[in-house]
Student: 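Dropping the structure in here first, questions after.
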Amino acid sequence: MPAIKITPLGAGQDVGRSCILVSMGGRHIMLDCGMHMSAGDQKKFPDFDFISSRGVGVDEYLDVVLISHFHLDHCGALPHLTEVIGYNGPIFMTHPTKAICPLLLEDFRKVAVERKGDTTMFTSAQIQTCMSKVTPLGLYQCVTVGDIFIKVYYAGHVLGAAMFYVRVGNESIVYTGDYNMTPDRHLGSAWIDRCRPDVFITESTYATTIRDSKRIREREFLKKVHTAVARGGKVLIPVFALGRAQELCILLDTYWERMGLTAPIFFSAGLTEKATNYYKLFITWMNEKIQKTFVERNMFEYKNIRTFERSLADNPGPMVVFAAPGMLHAGLSLQLFKKWAPDPKNMVIMPGFCVQGTVGNKILNGAKKLEFFNPKETIEVKLDIEYLSFSAHADAKGIMQLTRMCAPRHVLLVHGEGNKMGFLQKKVEKEYGVPCLYPANGETAVVPTPDVRNTLLERNLISVVPSWFRISSRIFDGLIVIADDKIRIMSEQQTAETLSIRLHRFFFTETRSFTSTCPPAVFRKHIIKQLQRFVLQSDIQTRRVHT
């Protein structure tokens with residue numbers, strides 16, 4: 001029986017270094033190629049040795065690589081794959097992702113090499129060469145690579161984030177990457193056709209979480225920032241350069257204007273500033289409200305937010321600073337945290353998920369003293385620590401919603417914590433009645449796919465066999481009728497009456513002789529089984545003729 005094989009090389013029962021290998025129809029597709037933000041050399045990149053263990057080179061093995069969005073846990077290992085391992089095949093991502101990816105890769109490279117002395121990191125030249133091999137795609141664009149068909153869908157989450165429908169022959173998968181089912185102030189919600197793939201590969205970051213109202217969270221966020229500023233404190237909001245940064249900047253800029261507040265608001269210079277320019281450029285990826293008001297006022301041209309300079313960190317008085325990265329594991333956000341942590345007037349607001357091992361994760365778990373080794377120092381954590389999830393990931397309700405929208409035959413969970421995936425697995429199987437898997441890194445999930453010839457034969461036969469003979473109640477047929485500029489699905493009898501035509505049927509029969517000494521009821525069941533086997537194994541197809 002044909003099957004689709006799915007192996008996580010990263011993000012299997014884990015969050016970080018997303019990299020999913022899919023084999024179907026004799027083709028091999030890599031979905032994302034990310035790095036682990038807080039891991040050491042051994043676990044930083046996906047397990048590419050899995051490919052080399054097949055006995056062929058990566059260029060021979062892989063047919064195509066698809067990148068869902070620009071976050072480094074989804075694209076950070078791409079230069080390593082192309083320039084170090086040697087992959088030269090097709091790579092696809094959206095136009096915004098291709099524009100922003102090199103910015104984030106170069107910024108991370110600088111931090112890793114120039115500040116941390118990482119000798120395994122790729123170079124600036126390798127980033128540029130890698131990106132020159134990428135082919136950008138538009139929203140809902142379709143493309144083929146040999147017999148591989150790919151279609152791009154809108155994922156929300158961040159600017160340019162995409163989901164991919166991939167089909168090879170009669171086998172198909174949907175890969176979500178990261179997505180959001182709740183529209184926000186600048187992006188819409190994820191959407192996909194009811195494409196009924198064989199496997200729906202979905203992120204599960206918030207597999208057990210159902211968030212409260214977004215309006216309540218926004219109100220709570222503004223209240224906490226206002227309280228800290230009013231008492232003369234400094235507020236640090238660690239964010240990734242794109243996504244939450246723009247969302248919260250719009251929210252705070254509007255509030256400051258409405259309330260007439262004067263405390264300065266800053267965002268980190270360079271990366272976030274450049275990134276915001278791309279938000280202005282790719283305005284058609286924004287939500288409907290942003291697009292409609294774009295001519296009158298660009299929401300990304302803030303009235304109350306300025307670029308941050310490091311010399312301002314020691315200024316007296318209140319201020320609010322948006323600083324990258326979002327998990328306090330490096331960069332400006334960590335430097336400001338170390339400087340401001342000992343003062344109880346100050347506040348840090350964590351607006352999203354923090355990977356285990358990062359400073360953000362440690363303080364959210366209650367750490368009051370932090371040890372740092374490069375340079376060696378101890379930081380007392382006395383400032384207020386607040387967590388308000390403005391994460392652009394779908395929660396458990398959103399994951400179930402997109403699963404229902406897609407209507408898959410199987411579900412496979414990635415990009416989440418193993419114990420939480422187990423909870424979501426049971427929920428999916430109970431509510432939708434489809435198998436749900438969540439393989440660990442290096443494990444291969446084998447998903448059987450139906451024999452198309454038998455499926456079509458069953459579909460042709462279903463309406464002419466008696467109800468007691470039917471194999472599957474899920475299979476039905478009808479006629480698509482276009483009349484009076486309306487499209488309707490009707491039964492044959494309804495169609496004949498609507499169009500005033502006569503319905504003709506042809507019946508073909510065959511006589512077979514049986515002898516048995518069994519009781520009539522047992523003999524009848526035996527005949528039914530024999531007829532069923534005969535019909536399914538025959539090449540006869542029913543056809544209807546309408547005049």
Side-chain angles (χ1 to χ4, degrees), residues 11 15 18 20 31-32 34 66-71 73-75 92-97 100 137-142 150-166 172-197 199-207 209-211 213-214 217 240 242-244 246-247 279 282-291 352-353 389-408 411-416 421 424 427-428 431-432 434 436:
V15 177
S18 287
I20 315 299
L31 305 169
D32 280 336
L66 303 175
I67 303 296
S68 63
H69 63 288
F70 55 66
H71 281 158
D73 61 329
H74 291 260
C75 71
F92 293 102
M93 58 180 70
T94 65
H95 287 277
T97 301
I100 296 166
L137 297 176
L139 191 57
Y140 306 119
Q141 184 176 344
C142 300
I150 302 162
K151 184 174 181 179
V152 181
Y153 286 94
Y154 188 79
H157 187 60
V158 293
L159 174 63
M163 301 186 289
F164 295 102
Y165 170 80
V166 185
S172 62
I173 61 105
V174 164
Y175 176 62
T176 66
D178 292 347
Y179 63 98
N180 192 3
M181 293 301 289
T182 305
D184 55 33
R185 290 176 179 269
H186 70 296
L187 294 174
S189 58
W191 181 87
I192 194 168
D193 290 309
R194 196 174 186 82
C195 50
R196 303 180 187 275
V199 190
F200 178 63
I201 306 172
T202 175
E203 68 138 316
S204 53
T205 313
Y206 290 98
T209 302
I210 296 180
R211 297 194 194 94
S213 164
K214 182 170 171 286
R217 272 179 284 134
F240 287 106
L242 292 111
R244 281 189 292 273
Q246 285 70 31
E247 177 75 4
Y279 270 74
F282 294 108
I283 200 73
T284 55
W285 283 76
M286 302 298 122
N287 63 25
E288 190 175 350
K289 182 180 178 182
I290 294 282
Q291 292 185 48
F353 181 85
S389 177
F390 284 92
S391 174
H393 292 268
D395 62 4
K397 185 178 178 181
I399 295 169
M400 296 296 287
Q401 184 182 348
L402 192 67
T403 303
R404 183 175 64 251
M405 188 185 295
C406 193
V411 175
L412 190 136
L413 306 177
V414 295
H415 200 282
M421 286 175 162
L424 187 59
K427 188 174 178 65
V428 168
E431 292 196 19
Y432 298 145
V434 297
C436 182

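Hydrogens, waters and symmetry mates play no part in the numbers below; they use all other heavy atoms, side chains included. Nothing here was measured: the structure is a model prediction, and the numbers come from that model.
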Student: What pair of heavy atoms forms the shortest contact from G398 to M181, and how long is it?
Tutor: O-CG, 3.4 Å
Student: Check whether any side-chain N or O of S172 sits under 3.5 Å from a backbone N or O of V166 as a donor-acceptor pair, and report yes or no.
Tutor: no
Student: Can you tell me if H74 and D178 form a side-chain donor-acceptor pair at under 3.5 Å?
Tutor: yes
Student: Which residues pass the side chain to side chain donor-acceptor pair (under 3.5 Å) test with K397, sequence neighbours left out?
Tutor: none
Student: If every non-hydrogen atom of G188 is compared with every non-hydrogen atom of Y154, which pair is closest and at what distance?
Tutor: N-OH, 3.1 Å
Student: Within the structure provided, determine whether I173 and L31 are in side-chain contact (heavy-atom separation under 4.5 Å).
Tutor: yes
Student: How long is the gap from CG on L402 to OG on S189, to the nearest 0.5 Å?
Tutor: 9.5 Å
Student: Using the side-chain contact (heavy atoms from CB on, under 4.5 Å) rule, take Y153 and C406 through it: C-alpha gap first, then chi angles, then the decisive distance, then the call.
Tutor: CA-CA 12 Å; Y153 286 94; C406 193; over 6 Å; no
Student: When rounded to the nearest 0.5 angstrom, what is the spacing between OH in Y206 and CG in L424?
Tutor: 14.5 Å
Student: Report the distance from atom CD of E288 to atom CD1 of I290, rounding to the nearest 0.5 Å.
Tutor: 11.5 Å
Student: Is the shortest side-chain heavy-atom distance between C75 and M93 below 4.5 Å?
Tutor: no
Student: I'd like to know whether L187 forms a side-chain contact (heavy atoms from CB on, under 4.5 Å) with N180, so could you lay out the CA-CA distance, the side-chain angles of the two residues, the decisive distance to 0.1 Å, and finally the verdict.
Tutor: CA-CA 9 Å; L187 294 174; N180 192 3; over 6 Å; no
Student: Given side chains that start at C-beta, do those of V434 and V428 come closer than 4.5 Å, heavy atoms only?
Tutor: yes
Student: Would you mind reporting whether I150 and Y165 have side-chain heavy atoms less than 4.5 Å apart?
Tutor: no
Student: Would you check if the side chain of D395 reaches a backbone N or O of R211 as a donor-acceptor pair within less than 3.5 Å?
Tutor: yes
Student: Any donor and acceptor pair, going by atom type alone, linking the side chain of D73 with main-chain N or O of V15 inside 3.5 Å?
Tutor: no
Student: Mind checking the CE-OG1 spacing from M421 to T205? Nearest 0.5 Å is all I need.
Tutor: 8.0 Å
Student: Under a 3.5 Å distance rule, please check whether T176 uses its side chain to pair with a backbone N or O of E203 as donor and acceptor.
Tutor: yes
Student: So, the side chain of R194 versus the backbone of R404: is there a donor-acceptor pair under 3.5 Å, distance only?
Tutor: yes
Student: Say you draw a straight line from OG1 of T94 to CG of L66; how long is it, rounded to the nearest 0.5 Å?
Tutor: 11.5 Å
Student: Please work out whether the ring planes of H157 and H69 are parallel, tilted or perpendicular, with thresholds of 30° and 60°.
Tutor: perpendicular
Student: What distance separates M286 CE from R185 CZ, expressed to the nearest 0.5 Å?
Tutor: 15.5 Å
Student: In sequence, state the C-alpha distance, the side-chain angles, and the governing distance for V174 and C195, and then conclude on side-chain contact (heavy atoms from CB on, under 4.5 Å).
Tutor: CA-CA 9 Å; V174 164; C195 50; 3.7 Å; yes
Student: Working note: L412 + F200, criterion side-chain contact (heavy atoms from CB on, under 4.5 Å); need CA distance, chi angles, decisive distance, verdict.
Tutor: CA-CA 6 Å; L412 190 136; F200 178 63; over 6 Å; no
Student: So do C436 and L413 actually touch side chain to side chain, heavy atoms under 4.5 Å?
Tutor: yes
Student: Would you say the side chain of Q246 lies within less than 4.5 Å of the side chain of L159, judging by non-hydrogen atoms?
Tutor: no
Student: Check side-chain contact (heavy atoms from CB on, under 4.5 Å) between Q141 and all other residues, then give those that pass, not counting sequence neighbours.
Tutor: L137
Student: So do the side chains of P183 and N287 get within less than 4.5 Å of each other, counting heavy atoms only?
Tutor: no
Student: Please examine the side chains of Y175 and D32, heavy atoms only from C-beta on, and report whether any two atoms are closer than 4.5 Å.
Tutor: yes
Student: Mind listing the closest non-hydrogen atom pair of T403 and P408 along with its distance?
Tutor: O-CD, 3.3 Å
Student: Determine the minimum heavy-atom distance between S389 and R217, stating which atoms define it.
Tutor: O-NH1, 2.7 Å
Student: What residues, two or more places apart in sequence or in another chain, satisfy side-chain contact (heavy atoms from CB on, under 4.5 Å) together with A155?
Tutor: A161, M163, Y179
